[in-house]
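Read through the structure below, which is laid out as structure tokens, and then see the notes.
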Amino acid sequence: MSYSIAIDGPAGAGKSTIAKLIAKKKGFIYVDTGAMYRAIALFLIEKGISADEQDKISSAVGEANVTISYENGEQIVWLNGRNVNGLIRTEEVSRMTSQSSVNKDVREKLVELQRELAKKENVVMDGRDIGTCVLPDANVKVYLTASSHVRAIRRSEELKAKGEPCELDVIEKDIIDRDYRDMHRDISPLRQAEDAVLLDSSDMTIDEVADAIINMCK
Ligand code: DC
């Protein structure tokens with residue numbers, strides 16, 4: 001039986017940094033499910049489909065083949081045979097992802113792929129619905145959060161490091177809007193699973209959070 005650690009929480013709580021670190025320390029595979037939703041959003045943007053065209057999204061999603069592979073521990077997302085890692089982190093894709101991920105057909109397709117991965121490998125999987133929907137029997141479940149202000153500061157530092165212009169209050173507003181959409185959608189809204197441990201990373205270092213989760217595995 002494979003072992004699974006599910007980490008859910010809002011954007012910018014530090015899920016991916018922490019999940020990657022835990023995966024490295026435990027020799028598990030890190031599965032970034034947000035990147036899969038982002039690849040689908042990129043596909044829709046490139047097809048000229050807008051977020052409010054839910055019927056078109058449902059029929060187009062069958063043409064999007066998303067797979068993942070690993071290179072030096074990094075997850076690579078392939079969209080119809082093309083490595084899209086460098087294209088899915090823009091603000092435009094973030095906004096589209098938050099809207100296209102409410103679509104039932106998009107979710108069904110990706111949840112199936114995520115469950116298949118967790119069946120084959122020991123995984124640290126992060127997302128919004130891992131503990132509540134994708135892996136309800138995960139061995140360890142964590143709901144990782146931080147204040148929207150701390151999350152906006154983290155995001156703006158990431159963007160600055162990439163040389164992208166940004167304004168803190170715009171980023172914070174975007175984060176609050178995205179949280180609202182993620183938490184209030186009909187299918188698999190973001191929420192803490194009943195058996196998940198709540199961790200607030202606002203005043204914790206990355207290592208402190210990672211160690212706390214690794215201790216839960218013992
Ligand atoms: O974790 P992220 O910021 O890369 O996620 C991008 C968007 O994808 C986010 O707005 C919500 C959506 N998402 C989701 O609905 N379910 C997941 N398991 C992961 C991400």
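Because the structure is a prediction, the values reported are computed rather than measured. The basis for the numbers below is simple: all heavy atoms, side chains too, and nothing from hydrogens, waters or symmetry mates. Note that ligands are numbered from 1 as they come in the structure, with each ligand's atoms numbered from 1 the same way.
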Note: Met36, heavy atoms under 4.0 Å from ligand 1, region reported as neither

Identify the closest protein heavy atom to [atom]: which residue and atom is it, and at what distance?
atom	answer
atom 16 (N) of ligand 1	Arg107 NH2, 3.0 Å
atom 4 (O) of ligand 1	Arg38 NE, 2.7 Å
atom 8 (O) of ligand 1	Thr97 CG2, 3.2 Å
atom 19 (C) of ligand 1	Thr33 OG1, 3.4 Å
atom 20 (C) of ligand 1	Gly34 CA, 3.6 Å
atom 12 (C) of ligand 1	Ser101 OG, 3.6 Å

Sidechain N-carboxylate O distance under 4.0 Å for [X], [Y]:
X	Y	result
Lys120	Glu116	no
Glu172	Arg151	no
Asp169	Lys173	no
Glu46	Arg82	yes

Number the atoms of ligand 1 from 1 as they appear, then name those within less than 4.0 Å of a heavy atom of Arg178, with their elements.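 Result: 10 (O).
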
No-hydrogen, no-angle side-chain donor-acceptor test under 3.5 Å, [X] and [Y]:
X	Y	result
Tyr37	Arg107	yes
Ser201	Arg154	yes
Asp52	Ser50	yes
Thr33	Asp126	no

Polar proximity ligand 1 side, [X] side, N/O cut 3.5 Å exclusive:
X	value
Asp126	no
Lys15	no
Arg128	yes
Ser94	no
Arg185	yes
Asp129	yes

Report the member of Thr132, Asn103, Ile88, Asp182 with the shortest heavy-atom distance to atom 11 (C) of ligand 1. Asp182

Heavy-atom pair with the smallest gap, counting every atom of Met183 and Leu190: CG-O, 3.6 Å

Going through the checks in order, is the side chain to side chain donor-acceptor pair (under 3.5 Å) test met by Arg181 and Ser98? CA-CA 7 Å; Arg181 272 199 299 271; Ser98 168; 2.8 Å; yes

